[in-house]
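Computed from a predicted model, the values in this text were never measured in an experiment. Naming: A, B, ... by sequence-line order, numbering from 1 per chain.
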Amino acid sequence: AVSTKQNIENFRRQLDKIGFSFDWDREVKTSDPKYYKWTQWIFLQLFKSFYNRNTNKAEYIDVLINAFEKEGNKNHPFPVSGYRLPVTGNRQQATGNSFTADEWRSFDEFTRQSILMEYRLAYCGYGEVNWCEALGTVLANDEVVNGVSERGGYPVVKKKLRQWYLRITEYADRLLEGLKHVDFSESMKEMQSNWIGKSYGAEIDFGILDHEEKLKVYTTRPDTIFGVDFMVLAPEHELVEKITTQKHRKEVEEYLDHVKSRNERERMAEKNISGVFTGAYAINPLNFREIPIYISEYVLAGYGTGAIMAVPCGDERDFKFAKYFNIPITNIIGDKFNGEEANPTWEAELHESDFLTGMLMLDAAEVVITDLEGWGKGKRKVNYKMHDAAFSRQRYWGEPIPIKWENGIAYPLNETELPLELPHVESYKPGPEGEGPLANIEEWKYKKVTLDLSETSKVSPPAGGGDIEGALETNTMPGYAGSSWYFLRYMDPHNDKEFCSRKASDYWGQVDLYIGGTEHAVGHLLYSRMWTKALYDLGYISHDEPYKKLVNQGMIQGSSRYIFLFRLEPLNISTTSLSPIFISYTLYDKWKRGEMTNYQILDKLNEQIPNYYTPENAHKAQMLVSQTQMETEDIIQLHVDVNIVNGVELNIEAFKKWRPEYKNAIFITDDNGKYICGVETEKMSKSKFNTVSPDDLVEKYGADTFRMYEMFLGPVEQSKPWDTKGIEGVYRFLRKLWRLFFDEQKGMVWNEEKATDGELKVLHKAIKKIEEDTERFSFNTSVSAFMVCVNELTDLKCNKKEILEPLVIMLAPYAPHICEELWHELGNTKSVLDAAYPAYEQRYTVESVKEYPVSINGKLRTTIIIDLNASQDEVEQIVLKNDVVKKWVDDKPLKKFIFVKGKMVNVVV
RNA sequence: GCCCGGAUGGCGGAAUAGGUAGACGCGUCAGACUCAAAAUCUGGUAUCAGCAAUGAUGUGCAGGUUCGAUUCCUGUUCCGGGCACCA
């Protein structure tokens, strides 16, 4: 403890020297209003910033209109999508694609704000959430299992809610470009650029038979347009309702119900082909062919235009779809298509493609786009997979969003109102419409706040002046809000005038080395890059990438336990008298492998609980049986707290106490009466109930041992399950190190004698190895080198200060406490952190001979000690004279003699 | 399903530019010290055959390139991370 305090003191002194203070005792926490004030402040800057899509500069719409008019133009240069209405209510002229400057001035405030929302970096819109009616709450994706809530098993559907978003898509190109200038691993860069998902292609307008509307599709393969055999719309596509014919309506509606209960991931992972025909036909703009329009869940509404042109000979999913629905396939690539599977080649020569026939696909793509643009039937389009980041949460623990609403208009709070503090709540229950718990606090919602009505906020004062009746936003910010910029706050934690002074951020610059896991690849690490770019654009910092170098540490994983809920109906435990049924892993395993049917599981239940079917629930039991015959995949895996599982056996009583909603649950056990849990190694997480605390180990072995053991476990970048088996080894190492200085009987044993060459060789070998290993983040081999060094010094009975002192300096970053202590025991008064790092001197470690491994035909047969300076001829002579070599060569003619100096010898015969 | 990783003794892992596979640690076996235990120390420990010398096999699996492959290439299986509200 003494040493740590000195370390901190020393660190403080260094900071004082350069003019910054740092309060080590107080963390920068997102839950601290002194910090989240500035998160709210940055949010306001993002809200007030407008993005000019053409010039990549944040400016105001009026400024742009004025500049535009100066050039004699009438129409406003920015399109209005009307696709995602940011606020409720009727918007004037909102459906048009553009508006004139005069029109802009004639719009009412609601319409203006609604349009401005489309340009704000932080904007409000409507987005889908997982809505659980029974719980009256919004659920996170990981709280939903197989379409029902993990807790209780209630049905979950999608619901549109008002949501805040960050316009990260405007930074897509710069986020890609920035990857070239940062030191991240290639796989990390790959993940980020795949997530951004930039693709080049075309938007093509297909006509629809008997309809005015155009069907817009996005494709990266305009060259295959003559191979389009059908169209597929996402089930949520806005045209589905309009174009479905009377004859197909019922089928389509049934399909939509099916899709509504499934999330995006389930839809993408679905192997079985599904979809329905709408009865409508599209018209190919190039050859006017009539093409059937289907809907299917494999097309996602959020990507491209939510509609695709399907070319079965070139795309595997389209091909399977065509086979399934018996749609005839047009082959446009001749013998490159074998009729058995699609061929997504770019290199084939086109067949059956009208004026493109004979052209290479790569060239044809260019021709088609140019022609379509000429005819006004399509245009070149760059598309991104990434979409804007949802920025509101229906939760309590998050920064309140400093916005007040009235008549559908969002008014930003005055900066002097910050921090807008989280009120105390009696309960964390969600609001009446699934909003956050803040919606329940009337006095907080309607408290008096001043609004930012300045020019920069671009809102006109409301009718009642600055004083409005409306309510504060009740959603809060997500976890990534605070984590997107905390490193900047660390640079200037006590500043109450700014989030971080320009002086501080200029001085510290980028984070030199960021150690973070790959699980943050497309979340935190992308969001914080975007925030940094936004703050850079707004002129608050001078760099636009937060992290100079990123090292991905692996995860220390936990061992999770699972129980298996046998869900015979969409189980709603509050409305059925039947108890939830859990089956043992042994049964689940058989069921999964198809060795056991649902019906046989019920038999097992009857066997174990003979009185289960009472007259009262007999009708329900009847229903269960009919359900079971359907063989539906209705077993859900649920995490259970590792602490109530003994090895793999569940403590059922403890479980019922832990999860009162399952207090009536029935457990189908193995024949020996035990309920066995499933086991999986996965990320430690609160929601997986598999976390372990290091506190006990620190208590027993000390922080140095714990720290070194974690480093010793394996390479930093590798994930591994948490396991304390080997910690004794590190503990013994530290004790062994201590004994080089102090003996239990004799007390102090270290001395000031002159070191021998042998001892210096041990030391300098270690200096070299540890320096190299630390440099490349190979901490586990570094620790191993320390162990080797201490073992060798113990063997040499070396207790000399001349050797031990440099060793302590090197070890200080690995085991800071014990090293600080030993450093002072050696008579030093300052901190070990101030000591100069020992320099490697080659002269102590030079070798003159080498024990060469000698192989015959690539197989190692012996080793021979040879002078390191020996020439190839000399080595050849020595080796061929060797008895073992002679025996293996056995007079066979020598084909080749391979000698790699300092490495090995191979004799080929 | 898609994207990104990983797989080496009983266990965690080492082998940094294609050149002695198993460093270091855990565990385990044998021994020393001790009345005993703890702690500590010494030695063995990939597998198979053999008293041994030694030989054969061996880096998830199936192939390929090479004098030589844990390392490079092709295919494949399993495990982990992410997939937009866990953070």
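- A37(B) and G43(B): their P atoms are spaced 22 Å apart (whole Å).
- Of the candidate nucleotides U20(B), U16(B), G13(B), G13(B) has the atom lying nearest to any side-chain atom of P715(A).
- Shown are K761(A), K736(A), K765(A), K797(A); of these, the salt bridge (charged side-chain N to carboxylate O under 4.0 Å, His left out) with E792(A) is made only by K765(A).
- If you check every strand for non-hydrogen atoms under 4.0 Å, L713(A) touches sugar and phosphate atoms only.
- Residue S855(A) is classed as having no contact, given no heavy-atom separation below 4.0 Å to the nucleic acid.
- With both ends at atom P, the span from G25(B) to G44(B) equals 13 Å, rounded to whole Å.
- Aromatic ring centres of W531(A) and Y171(A) lie farther apart than the 6.0 Å criterion allows.
- Across all strands shown, the partner of G1(B) is C83(B), judged by Watson-Crick or G-U wobble contacts whose two distances both fall under 3.5 Å.
- In the set C4(B), U54(B), G19(B), the nucleotide with an atom closest to the side chain of K887(A) is U54(B).
- The aromatic rings of Y514(A) and H524(A) sit tilted, their planes meeting at an angle between 30° and 60°.
- Aromatic rings from F391(A) and F43(A) are positioned such that their centres are separated by under 6.0 Å.
- Tested against N882(A) for a side chain to side chain contact (heavy atoms under 4.5 Å, CB included), the candidates V854(A), V905(A), V907(A), I864(A) yield a single pass: I864(A).
- Proximity of K859(A) to the phosphate of U57(B): a side-chain N or O atom is located under 4.0 Å from OP1 or OP2.
- Electrostatic pairing of E143(A) and R395(A) counts as a salt bridge here, judged by a charged N lying under 4.0 Å from a carboxylate O.
- Ion pair E433(A)/R162(A) not flagged as a salt bridge, since none of the NZ, NE, NH1 or NH2 atoms sits closer than 4.0 Å to an Asp/Glu carboxylate oxygen.
- Annotation: G27(B) and U20(B) have their C1' atoms spaced 27 Å apart (nearest Å).
- Of the charged side-chain nitrogens involved, at least one lies within less than 4.0 Å of a carboxylate oxygen, so that K768(A) and E772(A) count as a salt-bridged pair.
- In this structure, G31(B) forms a base pair with C41(B), meeting either the Watson-Crick or the G-U wobble geometry with both donor-acceptor distances under 3.5 Å.
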*Do nucleotides 80-87 of chain B as a string where each nucleotide becomes B, S or -: B if the base has a protein heavy atom under 4.0 Å, S if just the sugar-phosphate does, - if no protein is that close.*
SSSBBBBB

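- Each of K850(A) and S778(A) has a nearest nucleotide on RNA chain B; the 5'-most of these lies closest to S778(A).
- The base-pairing partner of C24(B), taking Watson-Crick or G-U wobble contacts with both distances under 3.5 Å, is G12(B).
- Under the 90° criterion around 0 for the glycosidic angle, G75(B) counts as anti.
- For Y486(A) and Y35(A), the distance between ring centers is not under 6.0 angstrom.
- Spacing between A84(B) and U71(B) at atom P, rounded to whole Å, works out to 36 Å.
- Taking atom P in both A21(B) and G60(B), one finds a spacing of 16 Å when rounded to whole Å.
- At a threshold of 4.0 angstrom between heavy atoms, the contacts of W888(A) are confined to the sugar-phosphate backbone, with no base atom among them.
- In this structure, Y547(A) has its ring center under 6.0 Å from that of F487(A).
- Taking the C1' atom of each, C67(B) and U54(B) are spaced 25 Å apart, rounded to whole Å.
- Under 4.0 angstrom from either OP1 or OP2 of A56(B) there lies at least one side-chain N or O belonging to R861(A).
- For U74(B), the paired nucleotide is A62(B), the pair qualifying as Watson-Crick or G-U wobble because both relevant distances are below 3.5 Å.
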_Please encode protein proximity along nucleotides 21-30 of chain B as a string of B, S and -, counting only heavy-atom distances under 4.0 Å._
--BBSSS---

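- Between the side chain of N906(A) and the base of C67(B) there is at least one donor-acceptor pair of N/O atoms closer than 3.5 Å.
- Using atom C1' as the reference point in both A17(B) and C26(B), the two lie 32 Å apart (nearest Å).
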